[in-house]
Amino acid sequence: MKKGLLLAITLLLALGMQAQSLVGRVYYNANILSDRVNDVINKSIPEAKAKKIAEMENKKGRKLTDAEKAEVEKNLQEAQAKAYSAIKGIKTAITVEFKSETQAVMKMDMQVDEDALKQAGVNWAKRKALKAAIALAPSTEKAEYVVQGNLVIMDPSDEPDTLRLSDDGKYLMGTFDKKTNYKLTRTK
């Protein structure tokens, strides 16, 4: 009897979790690319340092002095500062709001900070071209969606984009490109 009751409760909970409605929920991330870019920068600096030291040692035919290694470190720190300025220069915020059982609105807000890009060494023409491209991009898009378990499939009949809902419903995760995963946090 206890096993039967426990099984029935478990089934009801499982069905209830799958049948949860997304209507009215809003998921948001202020900058979906920042985590990925930070990871790339943090992983590439040690590799670049080792490569530059090996290259200089090979060219000089000897081990580098502490002063020469300090110069390499200084140059890499300057490059890292420019890279972080570039990160601050472009922000991509995404909001997904579920309006009904089948309709959602996706909003993308891209912002360009010209001063940060200028500090990063991006020339005037590239900064203006980037701003123009962002101005032409649509910022709001309506989409149909289908829920299958913890998967939310946006535009299921056109070019489907599959998002994954966390077990607790607090996060909606997706992929921006093949290497960039992002996580939207539920705000409403």
Side-chain angles (χ1 to χ4, degrees), residues 10-45 47 80 82-117 120 122 125-188:
T10 304
L11 283 172
L12 286 174
L13 286 173
L15 289 173
M17 289 174 71
Q18 285 185 349
Q20 64 181 315
S21 175
L22 298 177
V23 176
R25 290 188 185 187
V26 177
Y27 291 87
Y28 175 76
N29 186 325
N31 194 358
I32 64 168
L33 299 177
S34 67
D35 291 340
R36 171 74 176 142
V37 176
N38 281 333
D39 288 346
V40 168
I41 290 171
N42 291 336
K43 288 178 183 174
S44 65
I45 293 295
E47 292 171 10
Q80 186 176 19
K82 283 186 176 185
Y84 283 126
S85 291
I87 292 171
K88 292 178 189 173
I90 302 172
K91 292 184 179 176
T92 305
I94 291 185
T95 305
V96 176
E97 182 176 358
F98 294 96
K99 296 289 191 178
S100 72
E101 292 294 334
T102 60
Q103 295 288 318
V105 175
M106 296 184 294
K107 298 175 188 172
M108 185 172 2
D109 180 24
M110 292 184 77
Q111 297 177 352
V112 175
D113 181 350
E114 284 194 65
D115 292 333
L117 291 177
V122 178
K126 287 182 182 177
R127 291 192 314 264
K128 294 301 176 191
L130 184 59
K131 259 188 122 167
I134 289 172
L136 294 175
S139 62
T140 302
E141 184 179 325
K142 291 182 181 179
E144 289 186 21
Y145 73 94
V146 175
V147 178
Q148 294 179 353
N150 69 337
L151 299 179
V152 180
I153 304 167
M154 306 297 276
D155 288 327
S157 60
D158 191 19
E159 291 182 33
D161 185 14
T162 303
L163 305 173
R164 191 170 30 89
L165 190 62
S166 65
D167 292 337
D168 60 5
K170 291 182 181 179
Y171 303 105
L172 192 59
M173 294 149 291
T175 304
F176 188 68
D177 57 29
K178 292 180 181 180
K179 296 180 179 177
T180 308
N181 295 322
Y182 62 88
K183 183 183 342 183
L184 307 176
T185 304
R186 184 176 177 184
T187 59
K188 182 177 172 187

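Because the structure is predicted, anything quoted here is derived from the model rather than measured. Computed over heavy atoms, backbone and side chain alike; hydrogens, waters and symmetry mates excluded.
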Which distance, rounded to the nearest 0.5 Å, do you find between the [atom1] of [X] and the [atom2] of [Y]?
| X | Y | atom1 | atom2 | result |
| --- | --- | --- | --- | --- |
| Lys91 | Ile32 | NZ | CD1 | 14.0 Å |
| Asp161 | Asp155 | CG | CG | 8.0 Å |
| Ile94 | Met108 | CD1 | CE | 5.5 Å |
| Met106 | Thr95 | CE | OG1 | 11.5 Å |
| Met154 | Thr162 | CE | OG1 | 10.5 Å |

- Message: Test side chain to side chain contact (heavy atoms under 4.5 Å, CB included) on Leu165 and Val147; report intermediate values, then the result.
- Response: CA-CA 10 Å; Leu165 190 62; Val147 178; over 6 Å; no

Can you find a pair of side-chain heavy atoms, one from [X] and one from [Y], that are under 4.5 Å apart?
| X | Y | answer |
| --- | --- | --- |
| Thr140 | Val105 | yes |
| Arg186 | Leu172 | no |
| Val96 | Val152 | no |

- Item | CA sep, side-chain torsions, deciding dist, call: Leu184, Tyr171, side chain to side chain contact (heavy atoms under 4.5 Å, CB included) | CA-CA 6 Å; Leu184 307 176; Tyr171 303 105; over 6 Å; no

Heavy atoms only: give me the nearest [X]-[Y] pair and the separation to one decimal.
| X | Y | value |
| --- | --- | --- |
| Tyr27 | Gly169 | OH-O, 2.7 Å |
| Glu101 | Ser21 | OE2-OG, 2.8 Å |
| Gln111 | Asp109 | NE2-OD2, 3.2 Å |

- Message: With salt bridge (Lys or Arg N to Asp or Glu O under 4.0 Å) as the rule and sequence neighbours excluded, what pairs involving residues 125-137 come up?
- Response: Glu114-Arg127, Glu114-Lys128, Glu114-Lys131

- Pairs meeting criterion salt bridge (Lys or Arg N to Asp or Glu O under 4.0 Å) with involvement of residues 140-152, two or more places apart: none

- Item | Neighbour count >12 (heavy atoms, 6.0 Å) for atom CE, Met173 | yes

- Query: So, Asn29 side chain and Lys183 main chain: donor-acceptor pair closer than 3.5 Å or not?
  - Reply: yes

- Query: Has the side chain of Asn181 got a donor or acceptor atom that lies under 3.5 Å from a matching backbone atom of Thr175?
  - Reply: no

- Identify, with sequence neighbours excluded, every residue that meets ring-ring contact (aromatic ring centres under 6.0 Å, His included) alongside Tyr145. Phe98

